[in-house]
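Sequence lines set the chain letters: A, B, ... in the order given, protein chains first and strands last, and positions in each chain run from 1.
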Amino acid sequence: MAKVEAEQTGVSEQRLRDFLREMLLIRRFEEKVEERFRAGELPGFLHVAIGQEAVAVGVCAALEEDDVIASTHRAHGHTLARGTSPNALMAELYGKLEGCSRGYGGSMHLYDVERGNLGANAVVGGGLPAITGAALAFKFRKEPRVALAFFGDGATNIGTFHESLNLAQLWQVPAVFCLENNWWAESTPNKQHSPITDFTQRAVAFGMHSLKVDGQDVEAVHRTASEAIDHARRGDGPVLLVADTYRLVGHYIGDPQVYRPKGEQQELRKTEDPITKLREKLGVSDEDWEQLDAEITQEVEESVEFAKNGTDPQPEDALKNVYA
Amino acid sequence: MREDSDVFLMGEDIAEMGGSMGVTQGLLDEFGPERVRNTPISEAGIVGAGIGAAMQGMRPVVEIMYEDFLTLSAEQIVNQAAKHRYMSGGQLKVPLTIRTQGGAGWSPGAQHAQQLEAWFVHIPGLKVVFPSTPTDVRGLLWTAIHDDNPVLVFEHRLLYPVKEEVPDELEPIPFGQARTVREGEDVTVIATGPMVHRSVEAAVEAEKNGVSVEIVDPRSLQPLDEEALVASVKKTNRCVVTHEAVTRMGFGAEVASVIQYQAFDWLDAPIERVGAKFAPLAFAPVMEQFIVPNSEDVLAAIYRTVGRDGN
């Protein structure tokens with residue numbers, strides 16, 4: 001077994017093993033979601049983040065309990081990594097009252113306010129301004145908290161991205177803007193939607209500090225995210241954190257991906273799977289791996305059972321929660 | 001703001017300049033630049049920042065300089081502010097106030113004079129108020145800031161010079177409570193914003209011809225005091241609905257629907273609607289005035305309901 005030097009990386013081997021477990025939980029959870037969706041059990045439509053687990057896990061592990069996040073339409077990983085239980089998440093996807101949004105949100109609107117999750121957002125870029133505002137509130141109240149937005153490369157072309165980063169830098173609020181660059185805006189590749197490939201250049205226009213990291217290396221993600229979050233928490237201003245990553249699936253479940261070069265995804269799965277990379281780094285034996293996988297698979301199965309046995313809302317519950 | 005340090009203002013030109021209409025004059029001196037916050041021209045960004053601060057329990061008041069610019073922040077208002085509470089299954093609240101102003105009558109042209117209140121009444125999760133007097137603006141704004149939901153406060157450019165004595169003590173006005181501006185017997189005019197004042201002029205004229213006009217100002221459009229509006233029409237048996245916004249699909253269409261459904265058997269005449277003609281607001285005063293409803297238009301509608309031509 002390869003020894004990971006704690007003093008060298010700042011991340012202990014035990015912590016990395018925890019990361020492996022979390023990443024595998026997200027992977028197996030999302031695979032199960034795909035399966036149940038194809039079986040016709042889940043309403044709506046769903047976006048999974050297979051391939052991007054290291055970003056969710058590495059970043060969320062760098063946050064403190066009182067920090068807040070906003071997420072995107074591809075939110076299952078962020079939500080689990082922020083501490084929502086697989087049961088509560090699966091129940092939400094089944095539209096049950098036990099769900100993390102009580103059945104009012106669904107896959108694209110996952111909330112868990114108790115755990116600092118201010119919601120996934122189905123409008124690209126829609127959650128960024130509120131992260132600037134939450135960070136402004138922290139600054140007003142002199143609370144040592146950080147607000148962090150997840151978003152994709154597609155969101156860098158919408159006005160709210162520019163307005164939010166500009167305001168955050170202008171006001172020096174403790175916000176981190178975590179750009180998960182998976183190279184695709186739905187079906188539109190980076191080269192068709194952005195004149196640049198190094199997204200840290202976006203920060204230059206605002207005079208904002210930026211950091212870039214290999215999003216397939218959870219250890220590096222965690223280290224770099226910690227640096228970004230510490231920077232914001234110290235009062236040194238917001239940070240644009242760019243994690244280059246890969247979406248090893250289509251935009252949505254069932255996406256035939258006619259736009260993607262044949263074989264690209266298969267090739268990337270061999271070379272850029274963050275879970276495989278971490279497993280190799282830790283030198284996890286086949287035996288240990290199988291045991292871990294079996295435990296997680298069981299946990300995910302149980303979440304499906306929990307969700308199926310959950311409480312259906314009454315139709316008239318639809319009229320609740322419109323106003324406070 | 002004196003009572004609650006969680007209340008703060010954001011908007012374009014609201015600090016040193018005191019707002020493009022002077023509404024926030026003097027607040028910078030009293031509360032400082034942190035709480036009276038000049039912003040870049042970023043309507044989506046500042047409304048969204050207000051949402052985020054509100055979700056953390058603050059009570060931001062965001063000024064959108066002209067209601068035409070609500071279009072730039074509509075995504076944040078409609079998809080975010082109005083829905084966070086709902087989509088979270090009740091976990092969040094968004095105590096955000098958005099003040100804005102607009103209206104024709106001084107030739108600002110097609111992009112600075114629209115009346116868009118009806119758009120936002122259509123969105124579940126938002127509250128909308130449209131005060132027409134200093135007392136009402138004070139009492140409703142207080143209620144808006146203390147409400148735990150996103151509230152849009154529509155002000156009208158031409159109403160800023162209106163002066164009246166206001167009580168020394170601020171009296172909060174609950175939402176969903178209409179005000180009877182003037183009592184009458186023959187016809188009810190339901191009016192908002194500047195049309196309240198224009199309707200009073202019309203009512204004075206009508207009185208000279210022996211037509212007694214009651215005027216009711218809903219003040220809050222969502223929630224709406226249906227009971228008060230219906231009660232007035234049941235008393236007078238006739239109804240005119242008027243606002244400065246375009247008539248087609250305007251707020252008055254909803255009011256007319258409420259009245260016809262709840263007071264159908266009491267109505268002695270078709271409900272009249274008086275609003276702007278179906279055109280953008282023109283620049284040249286003669287064209288602008290042709291588009292916007294005035295007191296003569298209200299008077300003519302009053303006479304139609306009582307079967308008179310006014311002569």
Q) Is it the backbone or the side chain of Asp147(B) that comes under 4.5 Å from a heavy atom of chain A, or both, or neither? A) neither
Q.
So which residue, Gly127(A), Gly119(A), Gly126(A), ends up with the most heavy-atom pairs under 4.5 Å with chain B?
A. Gly126(A)
**Q.** Interface moiety of Leu170(A) toward chain B, non-hydrogen atoms closer than 4.5 Å
**A.** side chain
(Q) Is the distance between the ring centroids of His73(A) and His251(A) under 6.0 Å? (A) yes
Q | Expected output: side-chain Thr132(A) to main-chain Ser164(A) donor-acceptor under 3.5 Å | A | yes
Q. Would Arg219(B) and Asp225(B) satisfy salt bridge (Lys or Arg N to Asp or Glu O under 4.0 Å), going step by step from the backbone distance to the final call?
A. CA-CA 9 Å; Arg219(B) 303 193 290 191; Asp225(B) 188 353; over 6 Å; no
Q) Leu118(A) versus chain B, heavy atoms under 4.5 Å apart: side chain, backbone, both or neither? A) both
**Q.** Geometric class of the Phe154(B)/Phe130(B) ring pair [parallel <30°, tilted 30-60°, perpendicular >60°]
**A.** tilted
Q.
Would you call the rings of Tyr104(A) and Tyr86(B) parallel, tilted or perpendicular, taking 30° and 60° as the class edges?
A. perpendicular
Q. With a 4.5 angstrom heavy-atom cut-off, which part of Val173(A) approaches chain B: side chain, backbone, both or neither?
A. neither
**Q.** Segment of Ala149(A) engaging chain B (4.5 angstrom heavy-atom cut-off)
**A.** neither
Q | Per-residue contact mode, Tyr323(A) against chain B (heavy atom under 4.5 angstrom) | A | both
Q) Under 3.5 Å, is there a donor-acceptor pair between the side chain of Ser101(A) and the main chain of Tyr111(A)? A) yes
Q.
Parallel, tilted or perpendicular, judged at 30° and 60°: which one describes the rings of His76(A) and Phe29(A)?
A. perpendicular
Q | Residue Asp148(B) versus chain A: region with a heavy atom under 4.5 Å | A | both
Q. Should the ring pair His112(B) and Tyr66(B) be called parallel, tilted or perpendicular, given that the plane angle runs from 0 to 90° and is split at 30 and 60?
A. perpendicular
Q. What pair of heavy atoms forms the shortest contact from Ala81(B) to Pro150(B), and how long is it?
A. O-CG, 3.4 Å
Q. Roughly how far, to the nearest 0.5 Å, is OG1 of Thr100(B) from CD of Glu155(B)?
A. 8.0 Å
Q: Could you please state which residues from residues 28-39 of chain B sit under 4.5 angstrom from chain A, measuring non-hydrogen atom to non-hydrogen atom, sorted by number, or 'none'?
A: Glu34(B), Arg35(B), Arg37(B), Asn38(B), Thr39(B)
Q.
Please identify, among Lys127(B), Arg85(B), Lys93(B), the residue contributing the most non-hydrogen atom pairs under 4.5 Å to chain A.
A. Arg85(B)
Q: Measure Lys320(A) against the heavy atoms of chain B and call it side chain, backbone, both or neither at under 4.5 Å.
A: backbone
Q. Which bit of Ile46(B) comes within less than 4.5 Å of chain A, counting heavy atoms only: side chain, backbone, both or neither?
A. both
Q) Given a strict heavy-atom distance threshold of 4.5 Å, which part of Asn166(A) is in contact with chain B: side chain, backbone, both, or neither? A) side chain
(Q) With a sphere of 6.0 Å drawn around CD of Glu227(B), does it hold more than 12 non-hydrogen atoms of other residues, nucleotides or ligands? (A) no
(Q) Please classify the contact between Met55(B) and chain A as side chain, backbone, both or neither, with a heavy-atom cut-off of under 4.5 Å. (A) side chain
Q: Report the C-alpha distance between Glu180(A) and His78(A) in whole Å, list the side-chain angles of each, state the deciding distance to 0.1 Å, and finish with yes or no for side-chain hydrogen bond (donor to acceptor under 3.5 Å, both in side chains).
A: CA-CA 11 Å; Glu180(A) 290 184 81; His78(A) 306 141; 2.6 Å; yes
